[in-house]
Structure formats: C-alpha cells, structure tokens
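Chain identifiers are assigned alphabetically (A, B, ...) following the order of the sequence lines, protein sequences preceding nucleic acid strands; residue numbering begins at 1 within each chain.
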2 protein chains.
Amino acid sequence: MKSSEALTTIFREQGLRVTPQRQEIFRLLDGDDSHPTVESLFDRARAHMATISLKTVYQTVHDLEALGEVRVLDLGTGSVRVDPNVEDDHHHLLCTACGLVRDLPVELDGLHVPIRYRRDFTVDDVQVIFRGRCDHCSDRV
Amino acid sequence: MKSSEALTTIFREQGLRVTPQRQEIFRLLDGDDSHPTVESLFDRARAHMATISLKTVYQTVHDLEALGEVRVLDLGTGSVRVDPNVEDDHHHLLCTACGLVRDLPVELDGLHVPIRYRRDFTVDDVQVIFRGRCDHCSDRV
DNA sequence: TGCTTGTCGACAAGCATTGTCGTTAGTGTG
DNA sequence: CACACTAACGACAATGCTTGTCGACAAGCA
Ligand SMILES: [Mn+2]
Ligand SMILES: [Mn+2]
Ligand SMILES: [Zn+2]
Ligand SMILES: [Zn+2]
C-alpha cells in the first residue's frame, strides 16, 4: 500500500474525496502487517474519532481494494481481513486458536494445476492457507 | 463418505438417531461431487420431504462432519460447501463466475512451509484454492 | 407397550456486511 | 474566498448465512 500522502493524491485523481475519516484509515493501515478485521480498524479509528461509523470504514476499505491498494482476505475466520501488503506475492499462516495471521513471503514452487486438470479451467489466482498454531498458542495446552 | 447403510449403523452406535430426514440427506450426499451448499441440499431434500427444515440439514451436516464423514469447506463464496469426499486428499478449483467447485485430486508437490518460516508455528492443515473460470463461464464474454 | 431422550420444525436471534437516505462537507472553479 | 456540485458522512434498518430456543414428537431400547 502506498503512503497516506500518495493515497490522498490518488483518491483525488479518481474523483474520490479525502476526508479526515479516510486519512485516519490510511494512517492506520500504513505498515500494518496484522491483517486486521474491519471491526478492529473501526475500533482503532474510533479511539481518535468518536463519531466515525463502521460503514465508513467498510466503504474506505472497499475503495482501497478497488484501487488495488489493499487486498481483502476471507480466511474463513468469520470476518474478512485487510491486507495492505499488495507489493509482495505471499500466502498466509493462520492460527486457528487466536486468529493470528502471518505472512508467508514465499513463492511456493510447484504450485500450479497439473495440465490434465487445468483443461477446461482458467486459473486467475491461487490462495494458500496454512492452518495451525502459533508459538504462543502451542504453549498453552 | 460411507454408504447410507453404513452411516445408519454408525449413527446408532454413536447414540444418534436415524430419522427419515437424515437418511434422505445421506442419500443425497452419497457420491455427490458438486460440493453443494447446505441450502441447496435443503432444496433437494424438500423435493421429497415437504416439511424438512433447514436447521435439520445443518444439524445433520455438522453431525456428519463430527464423525469425519464429510468436510465442510469455506471457500469464501458466502455459504459453506459440503464435501463428502474425505477419502482422497485434494484441493479445489473454484469458478468465481458461477460458483462451480471442482476437485483437484493431486498432492501438490513442494507445498510445505520453508523451514525458516515454519519456526514458531505448527502447521496442521493446508488449504489451496485455485480461483478462475470454468469452461462454460470462459465462453461467455 | 411404554419410557427416555435425542431430534424435529417453527421461530427468533446472532453476526458480518450492505442498503437507504437526509445532511454535511470536500473539491475545483471563478 | 465564495460557490455549486456531489461524494461521503452517520444513523438506522435490512440482508444473508447460520445458530439458539423450545415444545412436540418419535426412535430406540427394555
Ligand atoms: Mn498478508
Ligand atoms: Mn472436494
Ligand atoms: Zn495463536
Ligand atoms: Zn463457471
């Protein structure tokens, strides 16, 4: 994801308005590798702006997604996760105990559909989810 | 998934009751590789049993899942898919246009977390989703 | 047959997300 | 800086999928 300043320019170029709410979300997402839910973004934004609405956070996230500045991941955890890292191709480790999502910055070799199964299907995208337990949750029996 | 007759025995052994509703669901799932949603199972069951409820279908699917007889997949399509194929390790192709889910009966080589990223994480399971377009949806521009 | 208890279906509620809408405020222009 | 245009705002209700509640029922067993 680009910087808050760069996003301001991009949004204006697209005819989208840059509001204090949106700038707050830009700042929160910049450099965040925690893959937050929209709700948790909302909570953090609300700490600074008491009146911001959940709807606004959803809308801004969707706008960022449409511009290719974030990726919205559905990892089957109930709510979607926002991933500002669109620069590096990567997959994810998901702790099924605490919900932690960690990047796996690796191009997995051999990850393609064998020819005999690729027939009659055009693959656009591959998503790999490694489920397990993070170190913190492994300790707890 | 085992046959309807075998499931009847297993359910009784577990203290679960075998009702006409459950047997209908056993029959519908046996050999079905379409990865139906619970709702679509409900619709098909209702064609034979007018009064069966959606709740009952959910409950039976969860019981089958607890016994390891089906897998419940969340592919990010809104509703979960029921997969009676628990015998063969496989992944999935998902058509993002029509929702079709096709098995990819392949152990993908090289699909493991590189050692330096595996540290501090215990992997239990890997899910791979290839998203794209099926032949039918590729034709339609 | 009769008892016990898991299951049934109707209904309402839960959760994440989106639609509606009247009001507010960002933006480019002059 | 004032203006006009219109996107975005927040409050609220609604959606879609799934689960909880509960009284009635019936499967299984003796
Ligand atoms: Mn990521
Ligand atoms: Mn399958
Ligand atoms: Zn954890
Ligand atoms: Zn298709």
Counting just side-chain N and O atoms, does [X] come under 4.0 Å of either OP1 or OP2 of [N]?
X: B/Tyr58; N: D/dT18; result: yes
X: B/Thr56; N: C/dG9; result: yes
X: A/Thr19; N: D/dC9; result: yes
X: A/Arg12; N: C/dG26; result: no
X: B/Arg22; N: C/dC8; result: yes

[X] [atom1] to [N] [atom2]: how many Å, rounded?
X: A/Arg81; N: C/dA16; atom1: CZ; atom2: P; result: 11 Å
X: A/Glu13; N: C/dG28; atom1: CD; atom2: C1'; result: 14 Å
X: A/Phe42; N: D/dC9; atom1: CZ; atom2: P; result: 13 Å
X: A/Arg46; N: D/dA11; atom1: CZ; atom2: P; result: 10 Å
X: A/Phe26; N: C/dG26; atom1: CZ; atom2: P; result: 14 Å
X: B/Glu65; N: D/dT18; atom1: CD; atom2: P; result: 12 Å
X: A/Leu41; N: C/dT17; atom1: CG; atom2: P; result: 11 Å
X: A/Gln59; N: C/dT20; atom1: CD; atom2: P; result: 13 Å

Nearest to the side chain of [X], heavy atoms from C-beta on, is which of [options]?
X: B/Ser53; options: D/dA8, C/dC8, C/dG9; result: C/dG9
X: B/Gln21; options: C/dA16, D/dA7, C/dG9; result: C/dG9
X: A/Pro20; options: D/dA27, C/dA16, C/dG26; result: C/dG26

*Could you tell me whether B/Asp30 and B/Arg27 have a side-chain N and a carboxylate O separated by less than 4.0 Å?*
no
Using a heavy-atom cut-off of under 4.0 Å over every strand shown, decide if [X] touches base, sugar-phosphate, or nothing.
X: A/Glu39; result: nothing
X: B/Val80; result: sugar-phosphate
X: A/Leu54; result: base
X: B/Ile52; result: sugar-phosphate
X: B/Val38; result: nothing

[X] vs [Y] side-chain heavy atoms within contact, under 4.5 Å:
X: B/Ile129; Y: B/His92; answer: no
X: B/Val126; Y: A/Arg131; answer: no
X: B/Cys95; Y: B/His136; answer: no
X: A/Asp103; Y: A/Asp83; answer: yes

*A/Arg71/A/Asp125 under salt bridge (Lys or Arg N to Asp or Glu O under 4.0 Å): CA gap, chis, key distance, verdict*: CA-CA 13 Å; A/Arg71 208 156 277 156; A/Asp125 183 60; over 6 Å; no
*For DNA chain D, whose closest nucleotide is more 5', that of A/Met49 or that of B/Val18?*
A/Met49
*In terms of the nearest nucleotide of DNA chain D, which residue is placed more toward the 5' end: B/Thr8 or B/His62?*
B/His62
_Tell me whether B/Glu87 contacts the main-chain N or O of B/Met1 through its side chain, where contact means a donor paired with an acceptor under 3.5 Å._
yes
_Let's test this: given Watson-Crick or G-U wobble pairing with both distances under 3.5 Å, identify the partner of C/dA25._
D/dT6
*Taking any strand in view, what nucleotide pairs with C/dT7 in a Watson-Crick or G-U wobble way, both distances under 3.5 Å?*
D/dA24
*Which residue lies toward the 5' end of DNA chain C, A/Thr37 or B/Arg17, if each is placed at its nearest nucleotide?*
B/Arg17
*For the base of C/dT7, is there a side-chain donor-acceptor partner from B/Lys55 under 3.5 Å away?*
no
